[in-house]
Amino acid sequence: MKWKNQSSVSEFLLLGLPIPLEQQGIFFALFLGMYLITVLGNLLILLLIRLDSHLHTPMYFFLSHLAFTDISFSSVTVPKMLINMQSQDQSIPYSECIAQMYFFIFFTDLDNFLLTSMAYDRYVAICHPLHYTIIMRQGVCTLLVTMSWILSYASALSHTLLLARLSFCDNNIIPHFFCDLAALLRLSCSDTSLNEMVIFTVGVAVITVPLICILISYGHIGATILKAPSTKGFCKALSTCGSHLSVVSLYYGTIIGLYFFPSSSNSNDKDIIASVMYTVVTPLLNPFIYSLRNRDIKGALERLFNRATVSS
């Protein structure tokens with residue numbers, strides 16, 4: 001689909017990160033290294049899940065989609081940010097800006113839904129272990145992932161279509177390192193009340209509702225553990241849920257800490273910090289969390305190394 005601008009603006013200017021010019025090279029190397037580790041780490045998880053039959057379970061089925069989402073999520077914004085840090089040209093065409101915003105929203109929402117599906121999987125595994133294979137059969141897992149993709153597509157498309165109808169006047173400077181929806185709405189000279197209403201409504205559906213579902217799932221998990229208190233049961237629950245709970249805490253903790261608590265920095269700085277956490281830090285840490293805290297992943301990695309050693 002080719003997006004048509006409703007105004008004279010043919011491109012936007014991305015101001016990028018608020019980094020002094022003399023420090024651009026250091027931060028370029030830092031973010032490049034973090035991006036490469038993110039891509040390689042998540043690709044390794046995808047490879048392990050694909051090759052190791054021990055990981056062909058619902059939990060790792062969801063994790064494989066999460067790893068793919070993290071690679072895509074970072075790739076939407078980080079490469080363009082790195083290019084702009086090394087280039088004097090900070091412009092981005094209108095159509096490319098709209099596309100970047102669409103995919104940023106899409107993969108953000110997909111992250112939410114996948115984390116919710118993984119929480120439901122852990123709930124069934126601990127609270128209903130005897131019925132786990134029946135409830136979490138392949139068809140159900142596929143349905144959960146398919147619905148996650150469809151809902152994310154619908155959410156991102158609704159924001160994109162509403163934005164495409166707006167007009168942009170003389171000001172085309174975006175004080176961000178990517179085409180953020182809120183920043184674009186502030187630049188528009190049209191009435192954005194409908195856009196803001198949809199942001200609130202859809203935001204409740206794709207962020208608040210999944211978070212509530214995750215909290216309810218872990219509430220039931222905690223209640224189940226307390227009903228049969230034992231060191232063995234606690235350790236099993238920790239090993240089963242620890243990695244996922246760490247990722248959920250990191251992801252939603254960033255949202256709560258940066259958007260719901262006051263800060264001395266201005267709103268734009270908070271937006272940029274939050275976006276760096278979403279697009280760079282969280283996808284970077286996920287492979288480490290799932291590998292260092294997960295015995296199954298570490299076991300699969302050892303088996304892969306042993307296989308490679310024998311083959312050589």
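If you're wondering where the values come from, they're calculated on a predicted model, not measured in any experiment.
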Straight-line distance of [X] [atom1] to [Y] [atom2], nearest 0.5 Å:
X: Met81; Y: Thr279; atom1: CE; atom2: OG1; answer: 6.5 Å
X: His159; Y: Asp109; atom1: NE2; atom2: CG; answer: 6.5 Å
X: Phe68; Y: Asn42; atom1: CZ; atom2: CG; answer: 11.0 Å
X: Leu43; Y: Thr38; atom1: CG; atom2: OG1; answer: 10.5 Å
X: Ile272; Y: His176; atom1: CD1; atom2: NE2; answer: 5.5 Å
X: Thr133; Y: His131; atom1: OG1; atom2: NE2; answer: 9.0 Å

Could you verify whether a donor N or O on one side chain and an acceptor N or O on the other, from [X] and [Y], lie under 3.5 Å apart?
X: Arg186; Y: Asn171; result: no
X: Asp89; Y: Ser87; result: no
X: Asp121; Y: Tyr132; result: yes

How about [X] and [Y]: do any of their side-chain heavy atoms sit closer than 4.5 Å?
X: Ile221; Y: Cys127; value: yes
X: Val39; Y: Ser74; value: no
X: Phe106; Y: Ser155; value: no
X: Thr146; Y: Ile150; value: yes
X: Phe168; Y: Leu163; value: yes
X: His65; Y: Trp149; value: yes
X: Leu46; Y: Ile71; value: yes
X: Tyr252; Y: Pro210; value: yes

* Report, as yes or no, whether the 6.0 Å neighbourhood of atom CD on Glu22 holds more than 12 heavy atoms from other residues, nucleotides or ligands. => yes
Would a single hydrophobic cluster contain both [Y] and [X], if residues Ile, Leu, Val, Met, Phe, Trp and Tyr are joined by side-chain heavy-atom contacts under 4.5 Å?
X: Phe113; Y: Ile212; result: no
X: Ile173; Y: Phe178; result: no
X: Leu48; Y: Leu40; result: no
X: Val78; Y: Phe288; result: yes
X: Leu30; Y: Ile37; result: yes

* **Val281 vs Met34, side-chain contact (heavy atoms from CB on, under 4.5 Å): CA-CA, chis, key distance, verdict** => CA-CA 8 Å; Val281 179; Met34 295 172 72; 4.2 Å; yes
[X] side chain to [Y] backbone, donor-acceptor under 3.5 Å:
X: Ser188; Y: Ser167; value: yes
X: Asn112; Y: Val206; value: yes
X: Ser152; Y: Leu110; value: yes

* Asked: Got a sec, which residues hit salt bridge (Lys or Arg N to Asp or Glu O under 4.0 Å) with Arg303, two or more places apart in sequence or on another chain?
  ->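 If we apply the salt bridge (Lys or Arg N to Asp or Glu O under 4.0 Å) test to Arg303, skipping adjacent residues, the hits are Asp52.
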Closest heavy-atom pair and its distance - [X], [Y]:
X: Ile45; Y: Pro287; answer: CD1-CA, 3.6 Å
X: Ile49; Y: Ser64; answer: CD1-N, 3.8 Å
X: Phe31; Y: Ile19; answer: CE1-CD1, 4.5 Å
X: Lys80; Y: Ser91; answer: NZ-O, 3.3 Å
X: Cys141; Y: Met136; answer: SG-O, 3.7 Å
X: Phe28; Y: Leu82; answer: CE1-O, 3.4 Å

* To do: Measure up the His128 and Tyr123 rings against each other and bin them: parallel (under 30°), tilted (30 to 60°), perpendicular (over 60°).
  => perpendicular
* Asked: Step by step, would you call Leu15 with Gln90 a side-chain contact (heavy atoms from CB on, under 4.5 Å)?
  -> CA-CA 7 Å; Leu15 291 186; Gln90 309 285 57; over 6 Å; no
* Can you name the one residue among Phe104, Tyr35, Tyr251 that meets ring-ring contact (aromatic ring centres under 6.0 Å, His included) with Phe73? ->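 Answer after filtering Phe104, Tyr35, Tyr251: Phe104.
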* Check the pair Leu187 / Asn172 against side-chain contact (heavy atoms from CB on, under 4.5 Å), numbers first and verdict last. => CA-CA 7 Å; Leu187 292 181; Asn172 68 336; 5.6 Å; no
* Of Ile92, Leu13, Leu14, Leu17, the residue whose pairing with Asn84 passes side chain to side chain contact (heavy atoms under 4.5 Å, CB included) ->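 It is Leu14, the one option of Ile92, Leu13, Leu14, Leu17 that forms the side chain to side chain contact (heavy atoms under 4.5 Å, CB included) with Asn84.
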* Asked: For the side chain to side chain contact (heavy atoms under 4.5 Å, CB included) test, which of Ile216, Leu215, Leu211, Val209 pairs with Cys213?
  ->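 With Cys213 as partner, Ile216, Leu215, Leu211, Val209 yield a single side chain to side chain contact (heavy atoms under 4.5 Å, CB included), made by Val209.
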* Only counting residues at least two apart or in another chain, list the ones meeting side-chain contact (heavy atoms from CB on, under 4.5 Å) with Phe103. =>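 Checked Phe103 against side-chain contact (heavy atoms from CB on, under 4.5 Å); matches are Val76, Phe107.
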* Between His56 and Tyr60, does the ring centre distance come in under 6.0 Å? -> no
* Start with the C-alpha distance between Asp180 and Ile174, add both sets of side-chain angles, then the distance that settles side-chain contact (heavy atoms from CB on, under 4.5 Å), and finish with yes or no. => CA-CA 8 Å; Asp180 178 57; Ile174 301 176; 5.6 Å; no
